[in-house]
Amino acid sequence: MSRVSAFQRLHPRVQQWVYDQGWTALRDAQEQAIGPILDGCDVIVSAATATGKTEAAFLPICTALAERAYPTSGFTLESPTGTDRSSSIDVLCISPLKALIDDQWTRLEQLCGYIDVPVHRWHGDVASSIKQRLRRNPSGVLLMTPESFEATFVNHGPSIRQLFGDLQRVVIDELHSFIGTARGAQLQSLLHRVDVATGRSAPRIGLSATLGDHDLAARFLRPANPGTVRVIVARDETQLNLELRGYTIARTGRTDTSGGAHHDIAQHVYHHLRGGDHLVFVNSRRDVETYSDLLTRRSDADHVVNEFHPHHGSLSREVRHAAETAVKDPSRPATVICTSTLELGVDIGTIQTVAQIGPPASTASLRQRFGRSGRRGDAATLRVYITEPAIEAGTGLVDRLRCHLTQTIATINLVAAGLIEPPADPGFNYSTLVQQTLSMIAARGGATPARLHPTLCGPGPFQDVDPTRYTRLLRCLAKADLIYQAADGLLLPTPKAEKLLRHPSFYAAFQTPEEWRLVTHDTTLGTLPVVRSLIPGDLLLFAGRRWRIRTVDPTRRLVELEPASGGNPPTFDGDIPEVGDHVRQQMPTIYNSNDVPEWLDAAAKILLTEARETWQQLDLPHRSILTTGGHLVILPWVSDTTLFTTALALRQHGLDTSIDGPTLNIDDTTPEQLHHIIQTVLANPPDAHELAALIPNHRVDKWDWVLDEHLGIDADAARRLNLPGTTHVLQQLHAELEATQPRLTGT
DNA sequence: GACCTGCTGCGGGGTG
């Protein structure tokens, strides 16, 4: 479609809005999206941050809505009187964050004002009176979180049909944040339940900046018919100024004196970021506190205003808001030290540069992070700080190979080539199926198994759950005293389930650990998960300041703090971040190459040279199995999931296998023994259930406690293993052992 | 050493 005709398909009132913005042309993605969205297709718009994705969806959507109220042609399928409105929500827009909803509400109210369509926001901070009014008189565009969507089903099941009876479009914002997660499975299930309730399915539009796999995204958006989804990919024209700085950590014995490198990095951040507006991403809340403290002390020592503000998920809304306000305020410079809390597109004004301390978690995360700077056509600026230990006699292989540095270069190379790694196939998620079963029973005031299974396990997140497995799951729910069957066959919630359903925490598909509140002078600074290690008198760094613990009140889960002069960063619980296949596969390429990226500083160049020397010394260009003493080290360059699965497959045959960074370590084994066992495994490939049975704890997600051992293994076989990847690794190792076994030597 | 996200409804009474 040509430039002119795409714009001309917009309704005159929508065109007027475009003129009034002073836009001289539509952006690439906006132009491309108009036709398919107007034609009622399912559409995915993949375009970089700040390229007007929201408008790409809503210019055509508003056109479709305006045509009903103010037809420009004499012929319309809708109400001929023009002013009549359906008593239904017209457009449902699901967004992962309350802050994103608030941002979009402001923008969309303005646009939708031109066509007299109301825009409503609905999340936990919106007054219940407003929600009640909307439920009675539904209309226009509704911006909602998945959790509020869920609450509507649980508490107002019968009204779903009317609320969404004449739904025209569904928009999913930040689509990538839902793919492969429990929350995403919940959202898919709820959308399918709307379709079942209304007997029709509105076209769906997904918006994202960082989609790695368009087929996966299309399957998420329209599971029943992914082939029909139109994918619009805007050119990513972001220019990136890049620097990677290397730091060496001195070790004295087994004591890690990384404080030295921390100080050096903080010093560099202080000198280069003071006076501007910047974001510094770190990989843990603990690091946020450590660096905030170092930078505050540095500012105090120089008697200057502290421009550095902490931001992470355990800080109170007030503390976080103060940091966001500071960096948004154009009249004073501010830098925010944050975790992934500021990774998504919440409006925080213009950011000059982005720093990343430590290896980025993934290609998608890195792309999202540096996209926070360089908006409106300016080049983005990214500075990455990487530490590696000094090499001494006892330094291990992973450190000698400078794996943090190499992994970081690999991640940067992939993003620079426009390659974003898709999330691993999530399999199905029984935990969310338990939640959806309880939700549907609550919404309908009881349901039969014959009704539940086709509704919940149709095309979508639970399509692999056959009637046999689902019956087993229902038995588990009954055994856990959550449901019972009435004489007429209807499944009903027990009093125990009623209690869980009434608690607001039911609406989220994910689990949150129990947390204790940290207060000072009646001000809540934030929360800490299970503070068993905190006792009165202890010193603590929190919210960027230093405290002494005054009292700990276990019954109220309250920790009272008073200012102090020293402090230690707190320990948070956390999941292990997973490194993906693409990043790992890229690493040998970097070791084998002689190219030295110009964006490495002198210290990082030395680290890379050291890594390549080790690589060559160990003959790693030609082999991936090393013998050290009686142990074997294997370097397969695959994802953590595949490493985990391979370790299980070898353990199943009695090999003492552990994972260290990107390597597998096998104790007390010779290459001949390994060769023999790999032959055995390849001749009798393990089945996923056998391997999953070796995992000691199957309880990962929120409702896993309901499942019996059988379903727990079933769930882990689907979500935690990569069997094809493991078979490939074992075949490669087998080939290498066949060819090179005679020259396997010690290192 | 190791992220993040979310969250009732309803009716009755009083006030401007």
Side-chain angles (χ1 to χ4, degrees), chain A residues 94-101 122-136 144-157 159 173-174 176-178 180-184 186-187 190 249 256 258-259 261-262 281-290 311-315 317 320 337-346 356-362 364-366 368-369 387 389 398-399 404 432 435 439 442 498-513 515 527 529 568-579 640 660-661 702:
Chain A
I94 298 288
S95 180
L97 300 180
K98 291 187 288 191
L100 284 176
I101 288 176
W122 185 320
H123 57 61
D125 298 343
V126 175
S128 65
S129 56
I130 292 175
K131 298 171 183 169
Q132 194 180 340
R133 205 179 312 147
L134 185 62
R135 262 199 308 275
R136 286 181 181 159
M144 211 179 207
T145 61
E147 289 71 23
S148 288
F149 197 20
E150 179 75 63
T152 308
F153 277 86
V154 172
N155 298 312
H156 304 279
S159 71
D173 196 22
E174 305 286 359
H176 66 276
S177 73
F178 292 110
T181 68
R183 207 179 183 201
Q186 174 190 28
L187 174 57
L190 295 175
I249 303 169
D256 179 359
S258 56
H262 282 162
F281 287 99
V282 298
N283 290 339
S284 71
R285 288 169 281 188
R286 185 187 169 89
D287 279 353
V288 170
E289 295 296 347
T290 302
H311 197 284
H312 60 70
S314 293
L315 295 174
R317 199 146 54 127
R320 286 208 249 177
I337 321 287
C338 58
T339 57
S340 50
T341 39
L342 290 180
E343 199 170 285
L344 286 181
V346 185
Q356 160 76 38
I357 302 178
S362 67
S365 162
L366 183 68
Q368 202 79 34
R369 288 180 178 190
T387 57
V398 173
D399 288 336
H404 282 171
T432 307
Q435 182 214 30
S439 164
E498 295 274 15
K499 200 176 158 194
L500 290 170
L501 281 158
R502 267 198 306 274
H503 197 274
S505 63
F506 177 83
Y507 309 130
F510 52 86
Q511 178 93 286
T512 314
E515 300 215 316
T527 58
N568 303 308
T571 307
F572 297 87
D573 292 342
D575 294 333
I576 299 156
E578 296 246 317
V579 180
D640 282 323
D660 179 15
K702 188 175 183 179

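Quick note on labels: first sequence line is chain A, next is B, and so on, each numbered from 1. Please read these numbers as outputs of a predicted model, since none were measured by experiment.
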Who passes salt bridge (Lys or Arg N to Asp or Glu O under 4.0 Å) against [X], sequence neighbours left out?
X      : result
A/D287 : none
A/R286 : none
A/R317 : A/D125

- [ ] For nucleotides 6-16 of chain B, just jot down a letter per nucleotide in 5' to 3' order: B, S or -, based on protein non-hydrogen atoms under 4.0 Å.
- [x] BBSSSS-----
Open item on the list: Between A/T341 and A/D287, which residue's closest nucleotide on DNA chain B lies nearer the 5′ terminus?
Closed with: A/D287
TODO: State which residues pass ring-ring contact (aromatic ring centres under 6.0 Å, His included) with A/F506; sequence neighbours excluded, sorted by chain then number.
DONE: A/W703
Send over the distance from [X] [atom1] to [N] [atom2], rounded to a whole Å.
X      : N     : atom1 : atom2 : result
A/F178 : B/dC4 : CZ    : P     : 17 Å
A/Q368 : B/dC3 : CD    : C1'   : 14 Å
A/H311 : B/dC3 : NE2   : P     : 16 Å
A/H312 : B/dA2 : NE2   : P     : 11 Å
A/E578 : B/dC4 : CD    : P     : 17 Å
A/E289 : B/dA2 : CD    : C1'   : 16 Å
A/Q511 : B/dT5 : CD    : C1'   : 14 Å

TODO: Establish, with yes or no, whether the OP1 or OP2 oxygen of B/dC4 is under 4.0 angstrom from a side-chain nitrogen or oxygen of A/R285.
DONE: yes
Open item on the list: Suppose we screen for side chain to side chain contact (heavy atoms under 4.5 Å, CB included). Which residues come up paired with A/N568, at least two apart in sequence or across chains?
Closed with: none
- [ ] Answer yes or no: side-chain N or O of A/S340 and base N or O of B/dC3 forming a donor-acceptor pair under 3.5 Å.
- [x] yes
TODO: Please step through side-chain hydrogen bond (donor to acceptor under 3.5 Å, both in side chains) for the pair A/E147 and A/H123, ending with a clear verdict.
DONE: CA-CA 8 Å; A/E147 289 71 23; A/H123 57 61; over 6 Å; no
